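What follows is a single structure, written as structure tokens, with notes after it.
Computed from a predicted structure; not experimentally measured.
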Amino acid sequence: MTSWRSSAMLSLLLLLVIGLTDVDAKRPPFRAGPWKSAHATFYGGADGSGTLQGACGYGDLQNEGYGGFGLQTVALSSVLFNNGAACGACYEIKCDNAPQWCNLGASSITVTANNYCPSNYGPEGGWCNPPREHFDLSQSAFLQIAKYKAGIVPVQYRRVPCKRTGGIRFTISLKSNPWFILVQVWNVGGAGDVSRVMIKGSDGKPFKEMSRNWGQFWDIHENFVGQSITFRVKASDDRSSTSWHVVPRNWQFGQTFQGKNFR
């Protein structure tokens, strides 16, 4: 009788877990937000130099292909960057009401947040200071909507869904050790950003919360050596994606694994 009750309770718990996962899966996909006003500048060289390594930790976007967004990137002011929570988010931007500086007939561009535009309280700075919502584009992205000599232009912007190829990538950093796992989460579709990451080994223990280390690096002080690993990623729109056993038991530090992405 005791064994039967235990089995029944286990089955019920499993159904509840599956049900919760299905509820997340049925949430509506991320949709474009309302248009807002801001300003945009640019930084770095025409070839992307100075913009490829950013505060989100994606690495050399052009050579390594992280996320596939190349030079279509932007550094966000502190209000938008939100201590790294906005890393990976996608923005549609268009030059606005400055005919002498906007490229005539230019369409809007879509860029991915990969860097932080720091505040500057000196006499020549201030565009990225709170509470301003400001976009410091790569030079390549800026020149698609405005003239080089403009320097700064008024823009309209909105959050849009991120279109990614393939699944969410999980890179186990070489800075990890058997009792400390540091994971980079990238190539996230939908909302693009990540608000929460949970991890589960194959030892039967429940999901555990990971902490944001910096940008889109997440860590936990646990030993998962010899276990297959499951990740559950939650985006800012409260949708979750669970990649069951995406990391095999024989994983090694420095490897990247591809999981389930948001639609």
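- With sequence neighbours left out, Cys162 forms a side-chain contact (heavy atoms from CB on, under 4.5 Å) with Cys90, Arg164.
- With contacts defined as side-chain heavy-atom distances shorter than 4.5 Å, the pair Phe170/Ile229 does not qualify.
- Panel note: side chain Asn187, backbone Thr165; a donor-acceptor pair is recorded below 3.5 Å.
- Not a single donor-acceptor pair under 3.5 Å links the side chain of Trp127 to the backbone N or O of Phe135.
- Between Phe142 and Tyr43, the ring center distance fails the sub-6.0 Å criterion.
- The shortest side-chain heavy-atom distance between Phe231 and Thr242 does not fall under the 4.5 Å cut-off.
- Because its NZ or CZ atom is not both nearer than 6.0 Å to the ring centre of Phe262 and within 45° of the ring axis, Arg239 does not count as a cation-pi partner of that residue.
- Checking side-chain atoms of Arg232 against main-chain N and O of Ser240 turns up no donor-acceptor pair under 3.5 Å.
- A distance-only check finds a donor-acceptor pair linking the side chain of Ser138 to the backbone of Leu71 [under 3.5 Å].
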Distance-only criterion, 3.5 Å: show the donor-acceptor pairs between side-chain atoms of residues 28-41 and protein atoms not counting sequence neighbours.
residue: Ser37; atom: OG; partner: Gln156; partner atom: NE2; Å: 2.7
residue: Thr41; atom: OG1; partner: His134; partner atom: NE2; Å: 2.9
residue: Thr41; atom: OG1; partner: Asp136; partner atom: OD1; Å: 2.7

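- A 4.5 Å side-chain heavy-atom check between Asn82 and Asp193 finds every atom pair outside the cut-off.
- Although no hydrogens or angles enter the test, the distance criterion places no donor-acceptor pair under 3.5 Å between the side chain of Arg196 and the main chain of Val194.
- Under the side-chain contact (heavy atoms from CB on, under 4.5 Å) criterion, Ser176 pairs with Ile172, Ser173, Leu182, Phe253, sequence neighbours left out.
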